[in-house]
Amino acid sequence: MRISCLAVSLTLAAVALAQDVSIHAVEKAFNAADIPTDLEIVFKPTALLEVSLPQATGRPITLHAGINVPRNDTAGPPIFHAVGDVGRGPFVVATVDPDALTPQDPTVAQIRHFLGGNFFNKGGLLVNSTPAISDFLQPTPPAGSDPHRYIFLLFKQSPQFATQTLINSSSSIEFFNISQFASAVDLGNPIAGTFMRVAPPPS
Ligand SMILES: *[C@@H]1O[C@H](CO)[C@@H](O)[C@H](O)[C@H]1NC(C)=O
Ligand SMILES: *[C@@H]1O[C@H](CO)[C@@H](O)[C@H](O)[C@H]1NC(C)=O
Ligand SMILES: *[C@@H]1O[C@H](CO)[C@@H](O)[C@H](O)[C@H]1NC(C)=O
């Protein structure tokens, strides 16, 4: 009895803590999901971006690249950690959905689900010192859609980011182009990332 309870809780812990541990595996998962092609980015990560979604009850869900997360568990806001030698910051984090309204018909993509800068590395935890430009928006794939990809990217912040006027908190979140934004603001290529898949809630 004791032993089986322990085995169950160890299994649950392993599931809850199944974060990305290999940069190479993350890069492979991005390629397998066509993310560099669809976002028109170069994805050669040099670190890991750990994204945790707090839960009303129980442990946060920490993503690993490609994980399926029930929509109800995605309220966030996410907590970000950098794993690896990324320096002190500042950093920019962007989250986009390239599959809106559906993966087959992404007519309003990308949706900008988060965009924030001035993240600093506090022992791995990324803490932002200014409000996000776009606060985290919970995934809401429409009924009948296949799962959408929600992609989190970490960039080293450029000086131009602080003075950019392309996107502000009242800009539409539709028709975002992370490649174009990163290029216009001189962010370079992302240094880390991960992603989840979220299906519409069962009706
Ligand atoms: C998801 O959340 C909504 C609103 O909080 C609730 O009504 C619904 O029962 C939840 N669904 C599942 C599958 O947990
Ligand atoms: C946000 O950007 C739009 C378009 O560039 C601009 O018209 C608007 O004044 C800006 N709003 C704020 C609060 O800066
Ligand atoms: C997004 O931006 C990239 C780089 O600027 C550009 O090549 C591409 O055509 C844009 N994609 C869309 C869908 O506008």
Side-chain angles (χ1 to χ4, degrees), residues 23 26-47 49 51 63 65-66 74 76-78 80 86 89-120 126-142 144-200:
I23 294 173
V26 172
E27 188 180 331
K28 268 181 69 177
F30 268 60
N31 290 335
D34 293 327
I35 291 171
T37 307
D38 290 350
L39 295 188
E40 299 164 272
I41 57 168
V42 174
F43 189 65
K44 298 282 177 208
T46 55
L49 175 62
V51 178
L63 305 190
T74 60
F80 304 117
V86 295
F91 304 97
V92 171
V93 178
T95 308
V96 297
D97 170 7
D99 296 325
L101 289 172
T102 67
Q104 294 79 6
D105 199 19
T107 46
V108 298
Q110 300 151 18
I111 303 285
R112 189 174 63 257
H113 278 262
F114 182 82
L115 181 64
N118 295 314
F119 279 93
F120 289 90
L126 300 177
V127 181
N128 55 346
S129 58
T130 55
I133 297 173
S134 302
D135 283 325
F136 183 69
L137 175 73
Q138 181 172 12
T140 308
S145 173
D146 283 340
H148 292 200
R149 296 164 292 173
Y150 297 86
I151 303 155
F152 295 81
L153 298 170
L154 180 68
F155 297 88
K156 291 206 159 163
Q157 185 169 314
S158 59
Q160 291 91 319
F161 182 85
T163 54
Q164 67 86 21
T165 54
L166 296 169
I167 301 287
N168 61 41
S169 56
S170 41
S171 311
S172 169
I173 59 169
E174 297 182 343
F175 308 113
F176 187 57
N177 182 335
I178 187 59
S179 159
Q180 185 182 53
F181 180 78
S183 153
V185 179
D186 206 20
L187 293 178
N189 299 323
I191 60 168
T194 193
F195 69 103
M196 62 180 170
R197 292 190 171 91
V198 182

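If you're wondering where the values come from, they're calculated on a predicted model, not measured in any experiment. Counting starts at 1 for both ligands and their atoms, following the listed order.
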Exercise for the section: List in chain and number order the residues that pass salt bridge (Lys or Arg N to Asp or Glu O under 4.0 Å) with Lys156, two or more places apart in sequence or in another chain; answer none if no residue qualifies. Expected result: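 By the salt bridge (Lys or Arg N to Asp or Glu O under 4.0 Å) rule, Lys156 matches no residue at all.
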Checklist entry - Where does the angle between the aromatic ring planes of Phe114 and Phe80 fall among parallel (under 30°), tilted (30 to 60°) and perpendicular (over 60°)? => result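 It falls in the tilted class, 30° to 60°.
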With sequence neighbours left out, the residues meeting side-chain contact (heavy atoms from CB on, under 4.5 Å) with Ile173 are Ile111, Arg112, Leu137
Does any non-hydrogen side-chain atom of Ser179 lie less than 4.5 Å from one of Leu39?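 The answer is no, as the side chains (C-beta and beyond) never meet within the 4.5 Å cut-off.
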What I'd like to find out is whether the side chain of Leu126 reaches to under 4.5 Å of the side chain of Leu49, using heavy atoms alone.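 They are in side-chain contact.
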- Roughly how far, to the nearest 0.5 Å, is CD of Glu174 from CG of Asp97?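 Rounded to the nearest 0.5 Å, the CG-CD separation comes out at 11.0 Å.
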Query - Distance filter under 4.0 Å to Ser179 heavy atoms, resulting ligand 3 atoms - result: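 Under 4.0 Å from Ser179, ligand 3 has these atoms: 2 (O), 3 (C), 4 (C).
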With heavy atoms and a 4.0 Å threshold, my read on which part of Glu40 contacts ligand 3 is side chain
Could you name each residue pair satisfying side-chain hydrogen bond (donor to acceptor under 3.5 Å, both in side chains) that touches residues 28-41, not counting sequence neighbours?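 Passing the test, one end in residues 28-41: Asp38-Arg149.
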Practice item. Collect the protein residues that have a non-hydrogen atom under 4.0 Å from ligand 2 and hand them over in chain and number order. Key: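 For ligand 2, the residues that come within the 4.0 Å heavy-atom cutoff are Asn168, Ser170.
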